[in-house]
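We name chains A, B, ... by the order of the sequence lines, and we start the count at 1 in each one.
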Amino acid sequence: MGETIRQKADRVGTFRYISVFLMETLARWIPTTPELEAKVFFGRQVWDFAQHADWLGRRTGELRSPMQWSLQPADGYLRVLQTMAGATGTMERLAGLHDGLMPDLEARYRDYIARTDRLNDEPTVRILERILFDFERLRADRAAFPAIRPDLTLADAGWPARIAAMARAETDYVSSRAAARAAATAS
Amino acid sequence: MAPSDTARPPLDPRLFGDGPARDPRFTVREVWAELENYPDGTPERDHEFLHRQMNEEMCVMENAARSLADFPDADWSVRKGLARQCADEARHTMNYHRLLLARGGHVGQYPVTNFQYRILGRIDNLLGRLAVQNRSFEADGLDAATHALAEARAKGDEVLAETYDAQQADEVCHIRFANDYIKAQLQQSPRVGLQIARALNLCAEAFAQVFAGGGEDVEKYGVAVEARLEAGFSPEEVEVAVRQSNERRAAVRARLGLT
């Protein structure tokens with residue numbers, strides 16, 4: 001990958017932002033989703049994303065940025081997150097996250113691991129591998145859900161695929177710190 | 001008793017926010033007297049209790065989730081505590097759901113009330129919410145779970161005892177992280193104590209409306225001293241809780257003619 005410590009910190013900080021965003025999205029969905037089975041599904045996963053954010057946030061401190069530091073993603077990727085989070089139907093929420101966004105996020109974690117120097121950057125690699133290990137369990141939970149509530153279906157059958165396509169289209173997900181600062185000042 | 005059968009004044013909107021989303025299986029009532037309150041020792045009572053607990057755990061999860069979403073600038077440590085609480089309460093909900101189904105019950109079998117969620121919706125700061133939800137509701141739950149654990153063991157209901165045992169350990173952590181956060185905030189700025197006092201007063205007023213008609217007539221168990229100390233309450237705080245609990249129970253016993 002040949003990136004500087006600062007560039008690596010930017011990627012890890014962006015991954016942390018995404019994890020916190022997903023944690024907060026699930027938290028918002030819990031009281032506003034009617035079905036008990038979906039609420040507890042989201043409730044258990046809030047903690048997964050919080051832990052991922054925490055591990056990544058410890059790493060940002062080791063990469064000469066503040067501890068528990070997040071960097072807002074590039075505008076296009078942020079719009080993908082916001083679109084996914086705006087779903088109101090139970091299955092649109094569940095499938096938009098699991099079938100739409102998470103495969104793309106997993107691919108970005110794998111890409112980071114593939115491109116970085118595994119020895120120089122071993123602590124980041126280990127964190128991402130632990131997250132990917134969790135993702136397998138989350139995927140299994142998602143696969144089991146239709147058997148728990150077979151009556152719940154997508155009202156918008158194309159929703160997860162649209163989220164996936166939007167995410168795939170955004171190749172650059174890391175914004176520069178200067179751009180992020182400017183955006184924060186403007187808002 | 002259906003709501004239409006009661007002649008009570010409506011709940012004060014100043015004390016109660018909107019309820020959480022519930023699927024159509026649930027019948028949602030507003031106050032304790034509108035629930036199905038079976039006497040101890042009846043078979044229906046045990047069943048209804050599992051159903052009630054399932055919904056209450058869901059409300060606690062919803063409260064923790066809402067606070068996590070509502071206060072993005074709070075310390076990361078307390079946010080992590082709330083996230084963990086979401087997952088724990090989700091497991092508790094699933095556990096009571098599992099027990100209810102295994103014992104022949106079903107979701108929606110009894111009416112429920114979501115007063116905990118509705119009360120917290122009227123508290124606009126995290127300290128106040130933690131003081132009410134984690135330090136009051138959860139601490140009362142800890143006392144109840146400690147008593148229920150002993151009761152389940154005495155009855156030989158090992159499945160239920162294991163549930164309470166695991167839940168009790170989780171609740172201690174939820175109370176402790178709130179206690180740690182509240183104490184740290186008070187140390188930084190004692191004036192935040194006003195937020196806590198206001199939240200507790202609101203809660204007391206709201207409780208009087210929800211439990212009008214006998215819902216607070218609990219005299220069977222007192223304060224779980226050891227568990228509360230473990231959860232980060234100071235010995236002085238526990239002493240006050242014990243004194244208040246003893247006075248309250250004595251008053252209930254006198255009112256019910258049990259002395």
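For chain B, the option among A/T90, A/L36, A/L26, A/V46 with the highest count of heavy-atom pairs below 4.5 Å is A/L36. When each of B/E57, B/R25, B/R66 is scored by its heavy-atom pairs under 4.5 Å with chain A, the top score falls to B/R25. Note on A/A27, A/G57, A/A53, A/A50: by heavy-atom pairs under 4.5 Å with chain B, the leading option is A/A27.
Heavy atoms closer than 4.5 Å to chain B are found nowhere in A/A38, neither backbone nor side chain. Proximity to chain A (any heavy atom under 4.5 Å) is shown, for B/P72, by both the backbone and the side chain. With a threshold of 4.5 angstrom between heavy atoms, A/E24 approaches chain B through its backbone and through its side chain.
Within residues 78-104 of chain B, the residues having any heavy atom closer than 4.5 Å to a heavy atom of chain A are B/R79, B/K80, B/A83, B/R84, B/C86, B/A87, B/A90, B/R91, B/T93, B/M94, B/H97, listed by residue number.
The neighbour count for B/R118 CZ, taken as heavy atoms of other residues, nucleotides or ligands under 6.0 Å away, is above 12.
By the side chain to side chain donor-acceptor pair (under 3.5 Å) test, B/D12 pairs with B/R14, sequence neighbours left out. Applying the salt bridge (Lys or Arg N to Asp or Glu O under 4.0 Å) criterion to A/R168, with sequence neighbours excluded, gives no partner residue.
Exactly one of A/K8, A/R59, A/E62 qualifies for a side-chain hydrogen bond (donor to acceptor under 3.5 Å, both in side chains) with A/T124. That residue is A/R59.
By the 6.0 Å and 45° rule, A/R108 does not stack over the aromatic ring of A/Y112.
Salt bridge status for B/R22 with B/E62: present, with a side-chain N to carboxylate O gap under 4.0 Å. A salt bridge is defined here as a Lys NZ or Arg NE, NH1 or NH2 lying under 4.0 Å from an Asp or Glu carboxylate O, and A/D134 with A/R130 fails to meet this definition.
Ring-centre distance between A/Y173 and A/F15: below the 6.0 Å cut-off.
Applying the salt bridge (Lys or Arg N to Asp or Glu O under 4.0 Å) test to residues at least two apart or on different chains, the pairs with a partner in residues 145-157 of chain A are A/E37-A/R149, A/R149-A/D151, A/D156-A/R162.
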